[in-house]
*Asks:* 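Structure incoming, see below.
The chain is numbered in sequence order, starting from 1. As the structure lists them, so they are numbered: ligands from 1, and atoms in each ligand from 1. When reading the values below, keep in mind they use all heavy atoms of this one structure, side chains included, and skip hydrogens, waters and symmetry mates.
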Amino acid sequence: MNGKSLCLACCLAGILVSSCASKQKTSQLVQPAKWWEVHPRPVYASLEKVGTFQAWFDVYKLAEGTFAIYEPNQFEEAISYLVVGRERGVIIDTGTGIGDLKQVVSQLTDLPVSALLTHEHYDHVAGAYRFDKIIMYDDKDALQLLKAGRDNASLQRYITKDYMWKPLPEGFDAASWTIPSMEPTTLVHDGDVIDLGGRTLEVIYTPGHSPGSMCLLDRTHRLLFTGDHFFPGPLYAHPADVNIDDYIASNQKLCERIDEYDYLCSGHNDPWVKSEVIPRVSEAFETIFAGKGDYSEEGGLRRYYFEGFDILIRTEMVVP
Ligand SMILES: [Zn+2]
């Protein structure tokens, strides 16, 4: 199976996903061998490609002033989104930090652009230090992680041969790759509206995947930027920093607002997913906790299979 998001969360997962310091391999349920065989993902053929930058980022135009900046060559398949209004823009998430995201952004707009982080995991925040302003949800755990940064040793596993299927970009120095300590310049809360000039993004607080996770709603284009709350791949319900009750409640919150968006712009794999999947995520959790559903199991981890996404969960969470 193809999807993923090997977030910092994995490093906290304990039993099944190898810790950053360990030499244990990541579970096949999380990271199948030859995960790159799913490429090219079919959705991209239907999108307007702007170009490839630094031999690392593929950029697609999704709507007026709305670009998906995709990193297809590394396992996370991180997607950052440039959203531009009349006066300013934001880059929603900032990827792995391997390429120079700011340079790409500067080629797409002349307006000032702030980093807007959906949550604190490494594959969403690593490029944020390149931007003068950082916007993040006001959550103390998330802020702590952002402030801690990541040292070079803890990041090395993300560029091993298991994670990569294309060369690293020119100019990237693996030996000095870190995530610097960062502090947001603006903290946001549920219901806050970020004004880009003639276009707004509403903050919808959706904890669960991580304590400080949020989605962003663009009413003008009827888009929901979901971060890792949803992406078409294996949704992470197993790491230590996941709160499953919050996750389910947050999905219910998105279900109640489904009339306001048509497409999901997710943090990994595909940038353009029909919104009808959101109610099915709630149904999927109900299926799992009713003791039903198809799954594979390995070492205390289950991967449940649904149409368009999977759910990774610890067996002990399902079978007490
Ligand atoms: Zn994440």
*Asks:* Closest heavy-atom contact between Ile98 and Gln74?
*Replies:* CD1-CG, 4.3 Å
*Asks:* Regarding Tyr305 and Ser296, is there a side-chain donor-to-acceptor distance under 3.5 Å anywhere?
*Replies:* yes
*Asks:* With the Zn ion (ligand 1) as the point of reference, which N/O/S atom of Asp228 is the closest?
*Replies:* OD2
*Asks:* For the Zn ion (ligand 1), which N, O or S atom of His121 is at the shortest distance?
*Replies:* ND1
*Asks:* Is it true that Glu316 and Arg314 make a salt bridge, defined as a side-chain N closer than 4.0 Å to a carboxylate O?
*Replies:* yes
*Asks:* Does this structure show an ion pair linking Arg257 with Glu202, if we count only N-O contacts that are shorter than 4.0 Å?
*Replies:* yes
*Asks:* Is the Zn ion (ligand 1) less than 2.8 Å from at least one N/O/S atom of His119?
*Replies:* yes
